[in-house]
Amino acid sequence: MNLPKRYLITSALPYANGLKHIGHLAGAYLPADIYVRYLKAQKRDVVYVCGSDEHGTAIPIQATAEGTTAQAIIDKYHPIMAQNFKDLGIDFDIYHRTSDPLHHETAREFFTKLNDNGNLEIKESEQYFDEQANTFLADRYIKGTCPNCAYENAYGDQCERCGKSLSPDELINPVSTLSGNTPIKKATKHWYLPLDRHEDFLRNWILKEHANDWRSTVVGQCKSWIDGGLQARAVTRDLDWGVKVPAKDAEGKVLYVWFDAPIGYISATKQWALNTGKDWRPYWEDKETKLVHFIGKDNIVFHCLIFPVMLKLHGNILPDNVPSNEFMNLEGDKMSTSRNWKIEMQDYIDDFINKENGGSQMADVLRYYLTLIAPETKDSEFTWQGFQDANNSELVSIFGNYVNRCFVLMHKLCKGKVPPLHAEALTDLDKATMAEIQGTKEKVENLLEQYKFRDALFEVINLSRIGNQYMQKKEPWIVAKQTAENGQPTAEAQQSIDNTLHICLQLCANLAVLINPFLPFTARKMCYLMKVVDKMLDWDNAGKLKLLSVGYTLRAPELLFRKIEDSEIAYQLEKLKSAIVSREAAVVSKEPVTMEENSPKFADVKSEIVFDDFAKIDLRVGTIVSAEKVEKADKLLKLSVDLGFETRTIVSGIALHFKPEDIVGKQVTVVVNLAPRKMRGIESNGMILMAEDANGKLHFINPEGEINAGAGVS
RNA sequence: GGCGAGGUAGCUCAGUUGGUUAGAGCACAGGAUUCAUAACCCUGAGGUCACGAGUUCAAAUCUCGUUCUCGCUACCA
């Protein structure tokens with residue numbers, strides 16, 4: 001196998017608007033860290049970069065909401081996130097940040113090169129503009145009613161309640177969050193990355209060259225995007241938070257966050273090089289560098305399509321692989337920050353690591369379970385019960401217990417020293433066990449090279465299982481009872497004991513080397529117990545049977561892991577339950593719940609209108625005379641509504657809530673002078689008023705008793 | 001609706017190019033043991049491989065249809 005000259009490993013830049021949860025950890029950070037630790041143990045040339053993504057509109061918006069500045073937000077979260085990663089053993093070579101001047105400089109250079117080379121397009125488009133604030137409004141500065149779920153405070157890029165991606169044009173009743181005014185449309189100029197020009201390249205590169213070595217989920221997702229037709233994507237935004245666009249007539253424009261964030265990998269590498277006196281260029285320019293991006297599946301489009309196009313245009317190397325993980329669910333539901341259904345890294349650190357209940361070893365317990373259930377091929381499921389079981393019956397009972405019984409027996413039967421190996425007395429079982437040690441090394445290696453972290457970890461644990469079986473069959477504690485007249489074991493018995501424990505201890509040392517990428521704190525504690533330096537953890541030592549010298553005194557046994565009590569699990573489940581409560585409150589309030597405020601809130605009252613505004617709306621009572629499902633649409637019903645003076649066709653998105661046959665004859669309130677709008681090819685002439693309850697269920701607004709169709713409502 | 005990924009033992013998941021009685025770990029049951037964190041070790045029970053049809057000597061695996069879950073995307077009060 002031709003080894004790459006050097007490696008550059010990246011983990012997705014976490015967005016610096018809040019704390020990250022264990023789903024993020026399992027998806028983009030932990031696997032990368034394992035891979036990097038493995039490469040470093042092999043003494044390969046590897047740099048692992050990451051950093052906070054600190055631009056985008058969400059951060060200044062959040063700042064406004066919290067009455068602070070964008071800078072204050074990122075300054076608050078950047079160090080906490082960096083510390084969280086450190087506490088969990090995620091060992092970046094550099095954790096940079098995109099607000100750093102070096103990053104701005106790097107991103108501007110990148111943009112300029114593409115722009116100068118004619119790789120970007122400039123287009124004029126109509127964008128919302130706030131006249132009072134005299135500024136164009138980025139998507140997130142526009143709020144309005146979500147066309148998907150009718151949530152009234154949906155943002156121009158996404159509805160926080162139903163999670164749907166939106167564009168500002170889709171919002172109903174758009175309002176500027178800066179002034180509260182209705183924005184006007186105004187022409188503005190933006191730079192675009194014409195992805196459509198690169199379809200052939202992407203198709204060939206991903207769907208042909210990497211059809212077999214990339215994960216099928218990744219290739220499939222890319223195929224879906226490519227087949228769906230690639231379009232030019234705006235590279236710039238009208239905003240004053242971010243990297244200023246280095247071009248003429250670009251006043252008030254910054255690079256769109258998706259463009260500048262991945263460049264953060266490059267600027268982080270530059271900063272690392274500055275810190276260490278190295279040259280960053282080969283890592284991004286030399287074809288012999290292996291670039292690997294670790295991400296979650298929501299990031300596939302950026303790392304497999306957009307950023308590679310950018311890199312190619314800019315003259316950089318392309319990623320060798322993008323081992324994206326699927327999502328990790330939590331106790332039967334999707335993890336979600338806005339719904340407060342999550343376990344933050346900080347929560348875990350507070351509850352399990354910082355207290356006097358296990359220390360850093362507990363970081364390894366989380367690393368263990370998250371790797372065990374890593375969503376490598378499909379969405380997976382985190383349960384606290386599973387966490388407890390994995391710890392108590394695997395880490396503690398199999399791995400930890402093996403190490404412990406080795407040490408205890410060695411102290412009891414071998415005077416606390418590594419016993420000699422009597423080659424002449426080796427049994428077949430001894431030899432087979434020694435072979436297993438070497439075999440495990442190769443298995444783990446192969447699996448890691450294929451990014452199969454879950455399977456690789458299993459093989460390591462399995463080696464401790466083999467150790468337990470070996471010890472059980474050799475039963476040195478029984479052999480020790482074959483005593484001579486002096487009360488000591490016979491010479492023959494002692495030979496057997498020596499050989500058994502010698503092999504057991506070498507196996508222990510191997511476990512430390514092999515577990516090191518996965519559970520680094522544990523590996524170090526094992527080194528401490530064996531009184532060896534960390535250098536023993538070099539991957540070269542894996543499979544070797546002379547890691548511990550004969551006659552060497554080892555420390556007294558100490559437990560590697562502790563059991564996790566039922567009460568701890570009950571407490572965590574209770575914590576989550578209270579999150580359900582606040583989530584229900586969130587639905588009532590139609591407001592994303594923040595950690596601090598769990599009390600129900602109602603949507604903000606819209607800005608005041610005069611009577612004439614209201615009088616413009618013509619409301620009538622109508623009777624539904626027929627209803628049918630609209631073809632090829634999940635949510636639409638085509639209704640005929642008798643309004644007295646005429647019967648109209650109205651298309652309404654209520655199919656998920658009502659069966660057509662159940663609503664015929666119902667009286668409803670209709671906005672009759674709304675401009676017609678085509679939906680799925682059917683013209684809708686009016687709008688049915690609906691009320692939504694706390695569970696998201698829709699109800700008709702209708703008169704108390706039956707009245708004549710066409711009656712006015714005021 | 002379109003596209004992508006999935007649906008395999010009570011739970012969490014493997015199953016490479018179709019090839020004998022479909023696997024692992026955990027949980028469970030029985031046994032054995034005591035060096036060890038009521039730990040380990042041995043044995044066992046368990047699955048109509050979502051459902052239906054087709055191709056084949058042979059299908060968890062290939063084809064088509066149905067259904068459910070997740071993601072992207074379209075329509076949308």
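The figures that follow rest on heavy atoms only: side chains count, while hydrogens, waters and symmetry mates do not. Since the model is a prediction, treat every value here as computed from it, not as a measurement. By convention in this document, chain letters (A, B, ...) are assigned in the order of the sequence lines, proteins followed by strands, and residues within each chain are numbered from 1.
- For A:Ile478, the listed nucleotide lying nearest its side chain is B:U34; candidates were B:U34, B:C26, B:C40.
- Heavy atoms of A:Lys563 sit under 4.0 angstrom from at least one base atom.
- Among the protein residues, A:Gly400 comes within range of the nucleic acid bases, having at least one heavy atom under 4.0 Å from a base atom.
- Among the nucleotides B:G4, B:C42, B:A14, the one closest to the side chain of A:Ser224 is B:G4.
- Note on A:Ser216: only backbone sugar-phosphate atoms sit closer than 4.0 angstrom, heavy atoms only; bases stay farther off.
- Counting any heavy atom pair closer than 4.0 Å across all strands shown, A:Phe458 reaches sugar-phosphate atoms only and no base atom.
- Stems are defined here as 3 or more consecutive Watson-Crick or G-U wobble pairs with pairing distances under 3.5 Å; those involving RNA chain B are B:1-7 with B:67-73, B:10-13 with B:23-26, B:28-31 with B:41-44, B:50-54 with B:62-66.
- Taking every side-chain heavy atom of A:Glu394 into account, B:G25 is the closest of B:G4, B:G25, B:A14.
- Within the nucleic acid shown, A:Asp227 has no heavy atom closer than 4.0 Å to any nucleic acid atom.
- Residues A:Trp214 and A:Cys304 are in side-chain contact: their nearest non-hydrogen atoms beyond the backbone lie under 4.5 Å apart.
- A:Leu560 comes within 4.0 angstrom of a nucleotide base, judged by non-hydrogen atoms across all strands.
- When each of B:C70, B:A36, B:C26 is scored by its nearest atom to the side-chain atoms of A:Asp379, the top-ranked nucleotide is B:C70.
- Of the candidate nucleotides B:C26, B:C70, B:C40, B:C26 has the atom nearest to the side chain of A:Asp389.
- Within the nucleic acid shown, A:Lys334 comes within 4.0 Å of sugar-phosphate atoms alone, with no base atom in reach, counting heavy atoms only.
- Geometrically, A:Arg555 engages A:Tyr528 in a cation-pi contact defined by less than 6.0 Å to the ring centre and at most 45° from the axis.
- Distances were taken from every side-chain heavy atom of A:Arg465 (C-beta onward) to each of B:C26, B:C35, B:U8; the shortest belongs to B:C26.
- Contacts of A:Gln385 with the nucleic acid, taken as non-hydrogen atoms under 4.0 Å apart, are absent.
- By the side chain to side chain contact (heavy atoms under 4.5 Å, CB included) test, A:Gln572 pairs with A:Asp351, A:Phe352, A:Trp384, A:Lys575, sequence neighbours left out.
- When ring centroids are compared, A:Phe453 and A:Phe518 stay outside the 6.0 Å threshold.
- Here the side chains of A:Asn329 and A:Ser380 are not in contact, with every heavy-atom distance at 4.5 Å or above.
- Here B:U12 is the nucleotide among B:C35, B:C26, B:U12 with the atom lying nearest to any side-chain atom of A:Glu381.
- Comparing B:U37, B:U34, B:A36 by their nearest atom to the side chain of A:Val396 picks out B:U37.
- Within the 4.0 angstrom heavy-atom criterion, base atoms lie near A:Leu559.
- Nearest to the side chain of A:Arg405, among B:G25, B:C13, B:A36, sits B:A36.
- Closest-nucleotide positions on RNA chain B for A:Phe327 and A:Ala390 were compared, and the one nearer the 5' end corresponds to A:Ala390.
- Remark: A:Asp379 does not engage A:Lys334 in a salt bridge, criterion side-chain N to carboxylate O under 4.0 Å.
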